[in-house]
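This one's a predicted model, so the numbers in the text were calculated from it and none came from an experiment.
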Amino acid sequence: MQDKNNPKKISRELHFGDNTRASLIYGELNRNLLLLEKSSGVTINARGADVTISGLAHSVELAAKVLEQLYDLSAQGFAVYSTDFAFGLRVLEANPAAQLAKIFLDKVYITAQNRVVSPRTQNQKLYIDAIRQNDIVFGIGPAGTGKTYLAVAMAVAALTTGQVRSIILTRPAIEAGEKLGFLPGDLAQKINPYLRPLYDALNDMLGNEKSEALIEEGIIEIAPLAFMRGRTLNNAFIILDEAQNTTQEQMKMFLTRIGFDSQAVVTGDITQIDLPDPKRSGLIHSRNILRHLEGIAFSTFTRIDVVRHPLVQKIIQAYDKKTVKREKTSDDH
């Protein structure tokens, strides 16, 4: 019987068939292997195409799966980056039976910089699939999980393949602790900072010149949510971002703007509500009353899906712990 205080340590050898491809996987000066060591708590020794992984049995098996699957992906022409080791480790830790190829090889769009946009977590893959299969999709989760970026990528892909004739990106212009009236410029200039993240995602996909040209032609529209009132949006891909800051009335108004041959994605983070009364959030309300309607899907993200700087995931975790502790203290009183 294994001693719980002295977990079993093992070593496992991997033999890759191509030295050149193996060295690309290892990274410059074995940078990727060092990253995998630090993340999984194992020791990795590489010599040519041969790798030895040592450590606790579970950690060794996990690290081996990451290396083997990323090596196989590279053989299929997938460009493996250092971040893919962190993403792969997260995916396989949550679901040891997951196949990284089914996630990473799902090409959503190729950006102006020739970079492939694809899901990097299991929930991102489910989100992309939900958008393909439903007319309205809600993406709910913390910052940095790719909710808006992937939605914009799907919108641009739909436009370029002729599935829709226009893209409409909108956000509620909520004063998150800052007064619009004190910002310099006219109304358009005051509202622009609230819409900037949408411009950034769009420019990343298409390049500044092309995105600006499409905006000038009216094929792409970026506007505050209030500008949607009274309209019927046909043959369009519509994205409502920061939806946690919509009121229930605004959310109903938005959802009833959707016309024929249109698709909508609604994104938001219910832990970042800036409304005076958070209980009035249209995102929370819609989640409660629309969850079981056919044609509408809800995708949920967690801190595990954060694809920004590694510290972002830790920051979200720290805030989550603080919130839970504060709520527990409040309940005790």
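- Ion pair Asp129/Arg132 flagged as a salt bridge, since at least one NZ, NE, NH1 or NH2 atom sits closer than 4.0 Å to an Asp/Glu carboxylate oxygen.
- Between Asp200 and Arg196 there is a salt bridge, since at least one side-chain N of the basic residue sits less than 4.0 Å from a carboxylate O of the acidic one.
- Using a 4.5 Å cut-off between side-chain heavy atoms of Ile, Leu, Val, Met, Phe, Trp and Tyr, with links allowed through other members, Leu275 and Leu240 fall into the same hydrophobic cluster.
- Between the side chain of Arg165 and the main chain of Asn235, no donor-acceptor pair closer than 3.5 Å is present.
- At least one donor-acceptor pair closer than 3.5 Å links the side chain of Gln69 to the backbone N or O of Leu100.
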Exercise for the section: Give the C-alpha distance, both sets of side-chain angles, the deciding distance and a yes or no for side chain to side chain donor-acceptor pair (under 3.5 Å) between Tyr81 and Asn32. Expected result: CA-CA 8 Å; Tyr81 297 98; Asn32 295 339; over 6 Å; no
Exercise for the section: Give the C-alpha distance, both sets of side-chain angles, the deciding distance and a yes or no for side chain to side chain donor-acceptor pair (under 3.5 Å) between Ser23 and Arg21. Expected result: CA-CA 5 Å; Ser23 64; Arg21 185 174 296 123; over 6 Å; no
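- Using a distance-only test at 3.5 Å, with no hydrogens or angles considered, a donor-acceptor pair links the side chain of Gln250 to the main chain of Thr247.
- A salt bridge between Glu93 and Lys65 is absent, with no side-chain N of the basic residue lying under 4.0 Å from a carboxylate O of the acidic one.
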Exercise for the section: Assess whether side chain to side chain contact (heavy atoms under 4.5 Å, CB included) is satisfied between Val117 and Met205, documenting all intermediate values. Expected result: CA-CA 9 Å; Val117 178; Met205 300 293 165; 4.1 Å; yes
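- Annotation: Arg31, atom CZ; neighbour count of heavy atoms from other residues, nucleotides and ligands within 6.0 Å does not exceed 12.
- Side chain of Ser59 to main chain of Gly55: no donor-acceptor pair is present (N/O by atom type, distance under 3.5 Å, no hydrogens or angles).
- Leu34 and Leu14 end up in different hydrophobic clusters when Ile, Leu, Val, Met, Phe, Trp and Tyr side chains are linked at under 4.5 Å.
- Between the side chain of Thr170 and the backbone N or O of Ala223, at least one donor-acceptor pair lies under 3.5 Å.
- Between Tyr127 and Phe301, the ring centre distance stays below 6.0 Å.
- Judged by distance alone, with hydrogens and angles left aside, the side-chain atoms of Ser281 form no donor-acceptor pair with the main-chain N or O of Pro278 at under 3.5 Å.
- Side-chain atoms of Asn234 come within 3.5 Å of backbone N or O of Phe260 as a donor-acceptor pair.
- Closest approach of Ala63 and Leu36 over heavy atoms only: O-CD2, 3.8 Å.
- More than 12 heavy-atom neighbours from other residues, nucleotides or ligands sit within 6.0 angstrom of CD on Gln76.
- Both Ile284 and Leu255 sit in one connected hydrophobic cluster of ILVMFWY residues. Membership requires side-chain heavy atoms under 4.5 Å apart, directly or through other members.
- Lys147 and Asp269 are not joined by a salt bridge, as no carboxylate oxygen comes within less than 4.0 angstrom of a charged side-chain nitrogen.
- A cation-pi arrangement is absent between Arg287 and Phe298 under the rule of less than 6.0 angstrom and at most 45 degrees off the ring axis.
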Practice task
Could you go through the side chain to side chain contact (heavy atoms under 4.5 Å, CB included) check for Lys9 and Ser54 one step at a time?
Solution key: CA-CA 7 Å; Lys9 292 187 177 183; Ser54 304; over 6 Å; no
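- Considering all non-hydrogen atoms of both residues, Val108 and Ser118 come closest at CG2-CA, 4.3 Å.
- Contact check for His15 versus Val51: no side-chain heavy atoms found under the 4.5 Å cut-off.
- In this structure, the side chain of Ser262 does not engage the main chain of Phe237 through any donor-acceptor pair within 3.5 Å.
- Residue Leu29 qualifies as open at atom CG: its count of foreign heavy atoms under 6.0 Å is 12 or below.
- Nearest heavy-atom pair, Gln272 versus Asn245, reported as atom, atom and distance to 0.1 Å: O-OD1, 3.9 Å.
- Within 6.0 Å of CD on Glu209 lie no more than 12 heavy atoms contributed by other residues, nucleotides or ligands.
- The cluster map of Ile, Leu, Val, Met, Phe, Trp and Tyr, joined by side-chain heavy atoms under 4.5 Å apart, puts Leu67 and Leu56 in different clusters.
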Exercise for the section: Take Asn203 and Ser211 through the side chain to side chain donor-acceptor pair (under 3.5 Å) test and state the conclusion after the steps. Expected result: CA-CA 6 Å; Asn203 290 339; Ser211 62; 2.5 Å; yes
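- Here the side chain of Gln263 pairs a donor or acceptor atom with the backbone of Asn134 at under 3.5 angstrom.
- The hydrophobic cluster containing Leu105 also contains Tyr71, counting ILVMFWY residues as joined when their side-chain heavy atoms lie under 4.5 angstrom apart, directly or transitively.
- Rounded to the nearest 0.5 angstrom, Thr246 OG1 and Asp241 CG are separated by 11.5 Å.
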Practice task
Decide side chain to side chain contact (heavy atoms under 4.5 Å, CB included) for Val116 and Phe78; before the verdict, give the C-alpha distance in whole Å, the side-chain angles of both, and the deciding distance to 0.1 Å.
Solution key: CA-CA 10 Å; Val116 176; Phe78 180 82; over 6 Å; no
Practice task
Check the pair Asn45, Thr52 against side chain to side chain donor-acceptor pair (under 3.5 Å), reporting the backbone distance first and the verdict last.
Solution key: CA-CA 5 Å; Asn45 291 309; Thr52 302; 6.0 Å; no
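- Annotation for Arg171 and Leu198: closest pair CG-CD1, 4.0 Å, computed over non-hydrogen atoms.
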Practice task
May I have the step-by-step check of salt bridge (charged side-chain N to carboxylate O under 4.0 Å, His left out) for Asp204 and Arg115, ending in yes or no?
Solution key: CA-CA 10 Å; Asp204 198 23; Arg115 188 174 61 81; 3.4 Å; yes
Exercise for the section: Could you walk me through whether Leu62 and Leu89 pass the side chain to side chain contact (heavy atoms under 4.5 Å, CB included) test, one step at a time? Expected result: CA-CA 7 Å; Leu62 186 60; Leu89 191 63; 3.6 Å; yes
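- Nearest approach of Arg120 to Phe87, heavy atoms of both residues: CD-CD1, 3.4 Å.
- A donor-acceptor distance shorter than 3.5 angstrom exists from the side chain of Tyr26 to the backbone of Gly48, with no hydrogens or angles considered.
- Across all their heavy atoms, Gln124 and Thr145 have their closest contact at NE2-O, 2.8 Å.
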